[in-house]
Amino acid sequence: MSVPKLSAGLLPYRVSDDGILEVFVVHPGGPFWARKDLHAWSVAKGEYEEDDEPLVEAEREFAEEIGVPAPPGPRLDLGQIRQPSGKLVRAWAVHAPAFEVDEVVSNSFETEWPPKSGRRQSFPEVDRAAWMAAAVAREKLTKGQVAFVDRLVAVLLEAGREIQEGPARPPN
């Protein structure tokens, strides 16, 4: 039996002035994701090896995918989930009320494109990032990562934070 791939990431969050929980998520770059929006977004994350320290790798991957260091502050362990692909993803939330990114400057990857063309092209790992209400993030995140938003909501409510999850549908 093969060992599953491991991935670690960070989920910055803030609460807007009107009490809506917002999370900062990324949209993968490259031609496969170019026209996908619903269930295409992700926690900023990346793969690591079994001997690596997951939180250190989450911080590194965040900086590589966004182009700026991860926001400071205590990390809230949201645990690990198994994605439909079998990959094990672990994430930490960080309260980041002042975190803003003017422009995403992501590292890149190379792939053959168009398929079977023999041409290799380079694409950014992340083509954009955004703050979105928790309810919107549930619709935009890959289905295998929605549990991280659910866990964050549960922890904040348990801690007595008064939050709302925002509109049920993304604004048009």
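In this structure the side chain of P12 reaches within 4.5 angstrom of the side chain of W131, judged on heavy atoms. With contacts defined as side-chain heavy-atom distances shorter than 4.5 Å, the pair E64/E59 does not qualify. Considering only heavy atoms from C-beta on, E61 stays 4.5 Å or farther from K45 through its side chain. Within the 4.5 Å cutoff, side-chain heavy atoms of T111 are placed close to those of F123. At a threshold of 4.5 Å between non-hydrogen side-chain atoms, the residues L21 and L156 count as touching. In this structure, the side chains of Y13 and H95 come closer than 4.5 Å at one or more pairs of heavy atoms. In this structure, R90 and I81 have side chains that are not in contact, with every pair of non-hydrogen atoms separated by 4.5 Å or more. Q121 is listed as a side-chain neighbour of P114, based on a closest heavy-atom distance under 4.5 Å.
In plain terms, the two heavy atoms of R75 and A70 that are nearest each other are NH2-CB, 3.5 Å. Nearest heavy-atom pair across A133 and G166 is CB-CA, 4.0 Å. Considering all non-hydrogen atoms of both residues, P97 and R14 come closest at CA-CB, 3.8 Å. For the residue pair P74 and V94, the shortest heavy atom distance occurs at O-CG2, 3.8 Å. In this structure, V3 and E50 approach most closely via the heavy-atom pair CG1-OE1, 4.3 Å. Across P28 and D127, no two heavy atoms sit closer than the pair O-OD2, 3.5 Å.
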Practice prompt. List the steps and the verdict of side chain to side chain contact (heavy atoms under 4.5 Å, CB included) for E49 and L6.
Written response: CA-CA 7 Å; E49 299 298 322; L6 303 171; over 6 Å; no
Item to complete: Go through the steps to decide whether K5 and L88 satisfy the test side chain to side chain contact (heavy atoms under 4.5 Å, CB included), and finish with yes or no.
Response: CA-CA 6 Å; K5 289 185 178 183; L88 298 175; over 6 Å; no
Practice prompt. Please lay out, stage by stage, how L76 and V155 fare under the test side chain to side chain contact (heavy atoms under 4.5 Å, CB included).
Written response: CA-CA 9 Å; L76 172 64; V155 167; 3.6 Å; yes
Item to complete: List the steps and the verdict of side chain to side chain contact (heavy atoms under 4.5 Å, CB included) for Q164 and I20.
Response: CA-CA 5 Å; Q164 298 175 37; I20 295 175; 4.3 Å; yes
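Between R128 and D37 there is a salt bridge, with a side-chain nitrogen of the basic residue lying less than 4.0 Å from a carboxylate oxygen of the acidic one. By the 4.0 Å N-to-carboxylate-O rule, K87 lies close enough to E47 to be salt-bridged with it.
For S122, the side chain to side chain contact (heavy atoms under 4.5 Å, CB included) criterion is met by S108, not counting sequence neighbours.
Under the 4.5 Å side-chain heavy-atom criterion for ILVMFWY residues, no single connected hydrophobic cluster contains both V104 and M132. Both L157 and V15 are assigned to one and the same hydrophobic cluster, defined by single-linkage of ILVMFWY side chains at heavy-atom distances under 4.5 Å. Connection of F148 to V25 is established within a shared hydrophobic cluster, with ILVMFWY side chains joined at heavy-atom distances below 4.5 Å, either directly or through further cluster members. Residue L152 is not grouped with residue L55 when hydrophobic side chains (ILVMFWY) are merged at heavy-atom distances under 4.5 angstrom, including chains of intermediate members. Hydrophobic clustering (ILVMFWY, side-chain heavy atoms < 4.5 Å, transitive): V43 and L10 are in distinct clusters.
To the nearest 0.5 Å, atom CZ of residue R60 and atom CG of residue N107 are 8.5 Å apart. Residue W41 holds its CH2 atom at 12.5 Å from CH2 of W33, rounded to the nearest 0.5 Å. Distance CD/E125 to CD/E65: 5.0 Å, rounded to 0.5 Å.
Distance alone, capped at 3.5 Å, is enough to place a donor-acceptor pair between the S106 side chain and the V126 backbone. A donor-acceptor contact shorter than 3.5 Å links the side chain of R151 to the backbone of L78. In this structure a side-chain-to-backbone donor-acceptor pair under 3.5 Å is missing from E57 to Y48. Judged by distance alone, with hydrogens and angles left aside, the side-chain atoms of H27 form a donor-acceptor pair with the main-chain N or O of K36 at under 3.5 Å. In this structure, the side chain of D52 does not engage the main chain of P54 through any donor-acceptor pair within 3.5 Å.
In the model, S42 has a side-chain atom that pairs as donor or acceptor with a side-chain atom of Q145 under 3.5 Å.
Under the 30°/60° scheme for interplanar angles, the aromatic rings of F24 and F99 are found to stand perpendicular.
Residues in residues 107-118 take part in these salt bridge (Lys or Arg N to Asp or Glu O under 4.0 Å) pairs, two or more places apart or across chains: E110-R120.
Atom CG of D18 sits in a crowded spot, with more than 12 heavy atoms from other residues, nucleotides or ligands closer than 6.0 Å.
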